[in-house]
Amino acid sequence: MNNKIFELRSRFNFYRTLETALKYNEEESDYYTTLNGDWNFLFLDKIQDIPTAFLDGKYEEISWDKIKVPSHMEFEGYGTPIYTNFDYPFPVNPPHVPNDNPTGLYYKKINYNKKLEKQILRFDGVESVFEVWINKEKVGNSQGSRLMTEFDITNNLYEGENEIAIRVSKWSKGSYLEDQDMWWLSGIMRDVSILEEVNITDVKLTPYTEEKKWYVRVNIKKEKKDFGKISVYYAGEKLFDEVLNSDEELIEIPKPYLWTDETPNLYTFIITLSDKIFIPVRVGLREIKIIDDLMCLNEKPILFNGVNRHEFHPEKGRNLSRNDIKAELIQIKKHHINAIRTAHYPNIPYFYDICDELGLLVIDECDIEAHGFPEEITPAKNSEWKEEFVSRGLRMVHRDYNHPSILIWSLGNESHFGENFIDMAQSIRQLDSTRLLHYEGDRENEVTDMYSTMYTSIAEMEERASKKIIKKPHILCEYGHAMGNGPGGLKEYQELFERYDSIQGGFIWEWKDHGIYEKSTNNYKYGGQFNESVHDGDFVLDGLVLPDRTPSPGLLEYTQIIQPITFYFSKGKLILKNNYQFKTMDNLVVAVEIISKDGLIFEKEYPIEPIPPKKYSDILYMNPKIKEHSYITIKLLVNKTDRIFSKGEVFAQKQFPYTSQTEELNEISSEVINQRLQINTTHFSTTFNTITGNMCSLIKSNKELLQSEMNLSLSRQMISNDREIQKIWNEYFLNEMYSYCKSFEYVQNKKGIVLFVNQYIAPPIVSWGIQVHIIIWISSSDIEYQVKGWFDGDSPRELPRIGFELPLNYTVKEIEWFGKGPGESYSDSQESNFMGYHKKKVEEWTFPYLIPQETGNRSHVSYSKMILDNGEEITMKSETGMNINVIDLVKEQNQNYRHLMNQKVKNKGIRIDIAMRGLGSNSCGPLPLEKNIVYNTPFSAVFSLI
Ligand code: IPT
């Protein structure tokens with residue numbers, strides 16, 4: 001067989017002028033001839049029906065139909081689509097396929113004038129197998145539906161008139177590896193072209209960085225030793241030229257502009273071989289690397305807010321135009337999605353150009369899925385398939401390696417695991433070691449750089465992450481199944497990603513519903529509606545957008561959750577945080593609306609200063625005095641049209657219940673002394689220890705109220721019913737927690753200061769702890785705590801309590817509160833206490849159990865005033881309700897635990913608790929009911945102090 005498949009190489013183009021090369025649009029190149037358009041066509045139900053006239057090259061004897069290329073035959077009226085998720089729609093008898101193999105014969109005459117020394121015939125994708133003849137001579141055949149095939153046709157092509165004939169069949173050996181969850185379709189569904197070339201066979205440009213400098217390694221594969229020169233352009237300007245002396249050159253880029261999804265800065269490198277031969281390659285300076293077990297882009301950990309995307313158009317199938325691709329990717333960017341897994345095959349080449357331009361992080365997935373095989377006989381374990389696995393991997397990597405947007409190569413989808421994947425991974429690594437490898441089926445991470453799972457529950461992921469069961473970073477290559485009305489629960493997933501650095505995000509399944517449009521009924525068809533005998537019904541409709549790209553509520557939900565801005569709000573004060581890692585937010589205006597049941601009651605726009613990456617805005621005050629129950633909606637509107645957004649569009653938004661600041665705010669001041677941040681207001685002064693993150697001083701009327709730091713703690717004095725669980729708690733050293741502050745940032749202006757504190761609170765010896773994020777709003781009116789925390793490592797499953805202790809210099813004399821009372825109340829013992837305004841002397845606060853133990857808790861407290869013996873007061877307010885208590889902080893001799901003030905007390909403390917375990921009966925009976933147990937699950941609270 002005369003098979004002239006050209007060498008594997010990257011996909012690039014020659015141009016005749018510098019101008020067109022810089023435009024980087026192959027369709028404008030004089031050395032590019034498209035063969036897209038109308039072709040003569042003959043459709044056959046069975047491959048054996050191919051007329052001998054075709055095989056003999058007597059094309060004029062055939063009575064041809066017409067078809068347009070690129071297209072799927074099934075969309076042009078030839079044959080029918082079949083939808084299966086993972087069943088093969090034909091008998092599994094590899095490598096054989098049915099004789100009833102729908103086949104299309106394509107034929108075209110072209111007039112051609114050669115311009116350079118070599119002609120290459122390029123197919124970007126044909127489903128699923130094809131052979132080509134030029135001027136009646138067989139040029140070759142190929143398969144691998146979504147991979148590029150190039151034939152060297154220099155000796156086949158004549159000057160002037162030429163005949164090209166192509167046979168395309170739907171089923172092939174390759175179909176066994178193309179069992180993706182999608183429509184089975186066929187035809188020349190991507191571009192076909194003839195390229196004029198000289199004898200350069202490959203161009204590979206690899207960015208890398210060393211000692212803070214950026215370089216591009218230029219590798220050129222060429223028979224003759226004249227490599228020409230290379231010119232580097234950025235933003236339309238030429239930076240410099242360099243003569244290329246060999247097939248490998250290192251080029252340093254001074255003052256580099258790096259590529260990220262947020263800042264998709266692209267350089268254009270032009271290789272000039274003569275004044276009529278230019279090759280452009282676009283380069284993004286970026287590095288993907290594992291640092292401290294995390295996947296990092298330019299040294300910053302990545303969070304994938306991604307989607308799985310099939311190529312699909314309701315009237316064209318997988319044949320997308322450049323406009324379709326661009327519009328879709330702009331829509332994806334607009335919804336804040338930063339990553340795409342090309343589920344489950346390499347995409348149309350133009351897709352990567354746009355990802356490079358717009359900034360999207362790509363997992364490029366190989367065209368391999370053998371989902372319908374049982375594990376024992378999966379091709380992945382069968383050496384007869386080895387070459388096919390390896391060559392599919394190499395074809396993808398060769399074609400795409402110049403694209404900066406590709407950070408990860410994926411070996412395929414749902415094909416079990418075996419030797420063939422190991423060999424494929426090895427060959428890919430040899431060819432390109434600058435990307436990471438992904439394959440979900442490699443459950444033990446034998447060859448992959450990340451642990452990838454599908455649809456894993458939050459509980460299971462949390463278990464692994466908190467106990468650090470795996471070292472490699474975890475991603476969800478599929479989650480959030482968007483079939484019909486859904487997915488739900490995305491917020492909790494996002495919170496999980498934020499809680500654990502080792503979980504680096506995920507990819508929603510999937511972007512678009514693949515319904516096929518039927519004009520006569522104005523409906524979208526799904527599996528089974530083409531009379532397929534084997535099909536999976538509406539599983540093909542599981543996207544975030546309808547087939548025509550109408551966003552579903554699921555997409556709006558996802559967008560809201562992943563928007564790259566965090567809003568912090570407290571009583572008319574707003575702070576924004578830019579969650580981008582590389583890009584300054586500088587094109588936004590804040591539009592605020594306050595609504596009550598009567599409608600809009602306040603509306604105003606506020607300009608904002610640019611917010612650098614990972615930084616906070618200033619404090620914005622929006623403080624109309626509104627008494628009614630109302631909500632504030634804060635919208636960030638785009639100020640100036642850019643590539644993604646139009647002026648006035650909502651970039652991000654958030655709503656909060658609105659409470660206004662009732663008191664006038666006086667000026668505050670602050671200073672840092674000895675790693676302590678001291679804040680002075682007209683009513684009080686407070687100090688925070690920047691090493692522990694805790695409040696370490698609270699001064700009112702010149703008196704220091706705090707004896708030591710206010711701290712988060714978990715223990716309570718043992719009650720009789722805790723005697724069993726207490727043994728476990730003792731092993732965890734619950735009574736001895738140390739606080740370490742991971743970060744301490746603050747934003748301040750004349751009237752307020754807001755602290756952003758990240759703490760790790762852990763006991764000695766054992767390896768577990770609590771991650772705590774606290775936002776503390778301080779103004780002359782009060783100190784508001786917004787707390788979020790979660791457990792890390794091998795933490796105790798059940799806890800006595802979670803809350804704050806304030807060790808005081810003064811004794812609490814009297815307590816007033818609104819909440820359950822007058823007696824003590826615990827979650828499983830509170831029926832005799834009623835909500836109300838209560839007041840008690842401290843002597844009456846606890847119950848004198850004969851054996852000292854936890855007592856005195858008051859639950860559902862939204863307001864409390866602790867009056868101290870020096871006349872000062874500490875007031876706590878919380879809309880959600882907290883537990884409060886007054887405690888003795890002196891440790892009893894021989895007992896490690898703090899005991900309460902049910903007897904004579906020396907030092908006083910206050911407790912403000914987020915959660916308190918119930919009592920149960922376990923001294924001689926059952927534990928508290930599950931609902932009354934405090935588990936090591938994430939917790940949060942909002943309360944204010946003064
Ligand atoms: C998973 C497939 O990878 C994906 O292609 C799609 O079929 C999805 O399911 C369901 O819509 S595989 C599944 C066994 C988790």
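Atoms within a ligand are numbered from 1 in the order they appear, just like the ligands themselves. Count residues from 1 along the sequence.
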For ligand 1, indicate whether the residue Glu369 contacts it via side chain, backbone, both or neither (heavy-atom separation under 4.0 Å). neither
Run the numbers for me: atoms of ligand 1, each under 4.0 Å from some heavy atom of Asn413, listed by number. 2 (C), 3 (O), 5 (O)
Atom 7 (O) of ligand 1 sits nearest the protein heavy atom Asp181 OD2, 2.5 Å
Atoms in ligand 1 with a heavy atom of His344 nearer than 4.0 Å: 3 (O), 4 (C), 5 (O)
Name the atoms and distances for all side-chain donor-acceptor pairs under 3.5 Å in residues 182-192, with sequence neighbours left out.
unit_1, atom_1, unit_2, atom_2, d
Trp183, NE1, His514, O, 2.8
Trp184, NE1, Thr84, OG1, 2.8
Ser186, OG, Glu74, OE1, 3.4
Ser186, OG, Glu74, OE2, 2.8
Arg190, NH1, Asp124, O, 3.3
Arg190, NH1, Arg146, O, 3.4
Arg190, NH1, Asn347, O, 3.4
Arg190, NH2, Glu311, OE1, 2.9
Arg190, NH2, Pro346, O, 2.8
Asp191, OD1, Asn36, ND2, 3.0
Asp191, OD2, Arg322, NH1, 3.2

Can you pull out the closest protein heavy atom to atom 8 (C) of ligand 1? Residue, atom name and distance to 0.1 Å, please. Tyr455 OH, 3.4 Å
the protein heavy atom lying closest to atom 11 (O) of ligand 1 turns out to be His481 NE2, 2.6 Å
Might you work through the side-chain contact (heavy atoms from CB on, under 4.5 Å) test for Gln494 and Leu490, ending with a clear yes or no? CA-CA 6 Å; Gln494 205 67 26; Leu490 295 182; over 6 Å; no
Find all atoms of ligand 1 within a distance of less than 4.0 Å from any non-hydrogen atom belonging to Asp542, and give their numbers and elements. 11 (O)
My understanding is that only one of Glu388, Lys173, Glu127, Glu178 makes a side chain to side chain donor-acceptor pair (under 3.5 Å) with Gln143; could you say which? Glu388
Examine ligand 1 and decide if any of its atoms is less than 4.0 Å from a heavy atom belonging to Met182. no
What protein heavy atom lies closest to atom 13 (C) of ligand 1? Include the residue and the distance to one decimal. Glu414 OE2, 3.8 Å
I need the atoms of ligand 1 closer than 4.0 Å to a non-hydrogen atom of Asn85, numbered in the order shown. 7 (O)
Any chance CG of Asn485 has more than 12 other-residue heavy atoms, nucleotides or ligands included, within less than 6.0 Å? no
In terms of side-chain geometry, is the basic nitrogen of Arg309 or Glu510 positioned less than 4.0 Å from the acidic oxygen of its partner? no
Who's the nearest protein heavy-atom neighbour of atom 1 (C) of ligand 1, and how far? Glu478 OE1, 3.0 Å
Arg318-Ser145 side chain donor-acceptor pair, cut-off 3.5 Å: no
Looking only at heavy atoms, is any part of Phe86 under 4.0 Å from ligand 1, and if so is it the side chain, the backbone, or both, or is it neither? neither
Quick one: do Glu446 and Arg443 make a salt bridge, cutoff under 4.0 Å? no
For Ile302 and Ile288, what are the C-alpha separation, side-chain angles and deciding distance, and is it a side-chain contact (heavy atoms from CB on, under 4.5 Å)? CA-CA 9 Å; Ile302 303 170; Ile288 166 123; 3.7 Å; yes
